[in-house]
Amino acid sequence: QYSGWDKYDTYENLAKKSKTELDIYIEENRSEIERQVWNEAKYLNTVINLETMNGDYISAQISIGEGVKAFSIGCIVDKEGNVYAVTAFSPGVSVGIPLKTGVGYLSNHEDNIKKVISGYSGSLSAVAGIGGTIGVGEASIIAEFNVEAGVDISGSIGYTWYLGTLVK
């Protein structure tokens with residue numbers, strides 16, 4: 001008996017719907033997201049030495065919502081001082097403080113780092129105090145070592161855009 005459910009079509013439609021909702025969320029909240037990200041980047045610049053950083057970038061991300069979360073907003077600062085805003089549709093379960101920080105590594109160093117970090121991406125995260133994220137961006141595979149004051153298991157579809165460069 002055919003139920004009319006095609007799992008491949010459903011996954012594809014879910015991804016399209018998630019991307020559309022993400023685009024709408026960014027459009028409606030862009031100036032506030034960018035203000036928060038710049039504040040975070042300025043703080044990170046006071047506690048991290050970008051010239052001696054082990055990874056390609058550092059990140060800080062906060063989830064919006066308790067328990068089952070819906071969106072997250074993040075800040076990325078690469079080792080050249082470039083600042084990026086990240087917004088992701090990230091359904092998952094989080095217990096504890098919804099703040100995750102990490103050091104990221106990119107598989108592609110041949111292109112301009114701004115081009116490699118920016119754009120749409122998808123990722124899976126598992127953190128219980130310490131953990132990691134593996135993702136695929138438009139121009140690179142992404143791996144992050146994360147620290148979080150809680151437990152987080154999630155997947156996300158996100159968009160990252162360049163904001164500017166920190167003044168040294």
Side-chain angles (χ1 to χ4, degrees), residues 11 14-15 17-50 52-79 81-107 116-138 140-163 166:
Y11 295 140
L14 178 61
K17 182 180 177 188
S18 298
K19 185 177 175 285
T20 300
E21 288 181 23
L22 179 63
D23 291 342
I24 291 168
Y25 182 81
I26 292 170
E27 183 179 319
E28 291 175 352
N29 298 284
R30 188 178 198 101
S31 62
E32 179 60 20
I33 292 167
E34 290 180 356
R35 184 190 66 75
Q36 290 177 10
V37 168
W38 270 114
N39 286 339
E40 185 63 27
K42 289 173 187 173
Y43 171 74
L44 289 172
N45 195 37
T46 66
V47 296
I48 302 291
N49 183 343
L50 299 176
T52 61
M53 181 171 49
N54 289 331
D56 296 314
Y57 65 86
I58 55 172
S59 67
Q61 201 167 30
I62 188 162
S63 300
I64 300 168
E66 295 180 20
V68 177
K69 58 186 179 177
F71 284 97
S72 61
I73 297 171
C75 170
I76 291 176
V77 180
D78 70 28
K79 59 186 170 186
N82 298 310
V83 178
Y84 309 82
V86 181
T87 302
F89 175 67
S90 52
V93 177
S94 183
V95 178
I97 300 170
L99 175 66
K100 178 172 35 180
T101 60
V103 176
Y105 300 88
L106 304 167
S107 66
V116 173
I117 291 177
S118 299
Y120 286 97
S121 62
S123 65
L124 297 172
S125 294
V127 181
I130 297 173
T133 299
I134 296 177
V136 177
E138 291 181 18
S140 182
I141 295 172
I142 303 159
E144 283 186 20
F145 173 74
N146 301 120
V147 177
E148 181 174 355
V151 176
D152 172 62
I153 299 173
S154 63
S156 69
I157 295 174
Y159 183 72
T160 303
W161 67 97
Y162 171 75
L163 294 182
L166 290 168

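This structure is a prediction, so every number in the text was calculated from the model and none was measured.
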Which heavy-atom pair separates Met53 from Ile58 by the least distance, and what is that distance? SD-CG2, 3.1 Å
Taking every non-hydrogen atom, the tightest pair across Ala41 and Leu166: O-CD1, 4.0 Å
Between Leu22 and Tyr159, the two heavy atoms sitting closest are CD2-N, 3.7 Å
Taking all non-hydrogen atoms of both residues, which atom of Leu44 and which atom of Ala60 are closest, and how far apart? CD1-CB, 4.4 Å
Can you list the steps and then say if Ile142 with Leu106 is a side-chain contact (heavy atoms from CB on, under 4.5 Å)? CA-CA 5 Å; Ile142 303 159; Leu106 304 167; 4.1 Å; yes
Check this for me: Glu27, atom CD, are more than 12 non-hydrogen atoms of other residues, nucleotides or ligands nearer than 6.0 Å? no
Do Ile73 and Tyr25 pass the side-chain contact (heavy atoms from CB on, under 4.5 Å) test, and can you show the C-alpha distance, the side-chain angles, and the key distance before you say yes or no? CA-CA 11 Å; Ile73 297 171; Tyr25 182 81; 3.8 Å; yes
Using only atom types and a distance under 3.5 Å, with no angle test, would you say the side chain of Ser140 pairs donor to acceptor with the backbone of Ser107? yes
Side chain to side chain contact (heavy atoms under 4.5 Å, CB included) involving Tyr162 - partner list, sequence neighbours excluded: Asn82, Tyr84, Lys114, Ser118, Thr165
Residues Tyr43 and Thr46: closest non-hydrogen pair is O-OG1, 2.6 Å
Can a donor-acceptor pair be found, under 3.5 Å and without considering hydrogens, that links the side chain of Glu138 to the backbone of Tyr120? yes
Can you pull the salt bridge (charged side-chain N to carboxylate O under 4.0 Å, His left out) pairs that have at least one residue in residues 124-133, sequence neighbours excluded? none
With rounding to the nearest 0.5 Å, note down the distance linking CD in Glu144 to OH in Tyr105. 10.5 Å
Under the criterion side-chain contact (heavy atoms from CB on, under 4.5 Å), I'd like the reasoning laid out for Thr160 against Val86: C-alpha separation, chi angles, the key distance, then a yes or no. CA-CA 4 Å; Thr160 303; Val86 181; 3.6 Å; yes
Roughly how far, to the nearest 0.5 Å, is OG1 of Thr101 from CD of Glu148? 8.5 Å
Take Ser72 and Lys100 through the test side-chain hydrogen bond (donor to acceptor under 3.5 Å, both in side chains) and record every step on the way to the result. CA-CA 10 Å; Ser72 61; Lys100 178 172 35 180; over 6 Å; no
Please list, chain by chain and in numerical order, all residues satisfying side chain to side chain contact (heavy atoms under 4.5 Å, CB included) with Ser123, sequence neighbours excluded. Thr133, Ser156
Distance check, rounded to the nearest 0.5 Å: Thr87 atom OG1 versus Gln61 atom CD? 9.0 Å
Side-chain donor-acceptor pair under 3.5 Å between Glu40 and Gln36, yes or no? no
Leu163 and Val37, any side-chain heavy atoms less than 4.5 Å apart: yes
Of all the heavy-atom pairs spanning Ile130 and Phe145, show the shortest one and how long it is. CG2-CE1, 3.4 Å
Apply side-chain contact (heavy atoms from CB on, under 4.5 Å) to the pair Trp161 and Ile33, showing each step before the final yes or no. CA-CA 11 Å; Trp161 67 97; Ile33 292 167; 3.9 Å; yes
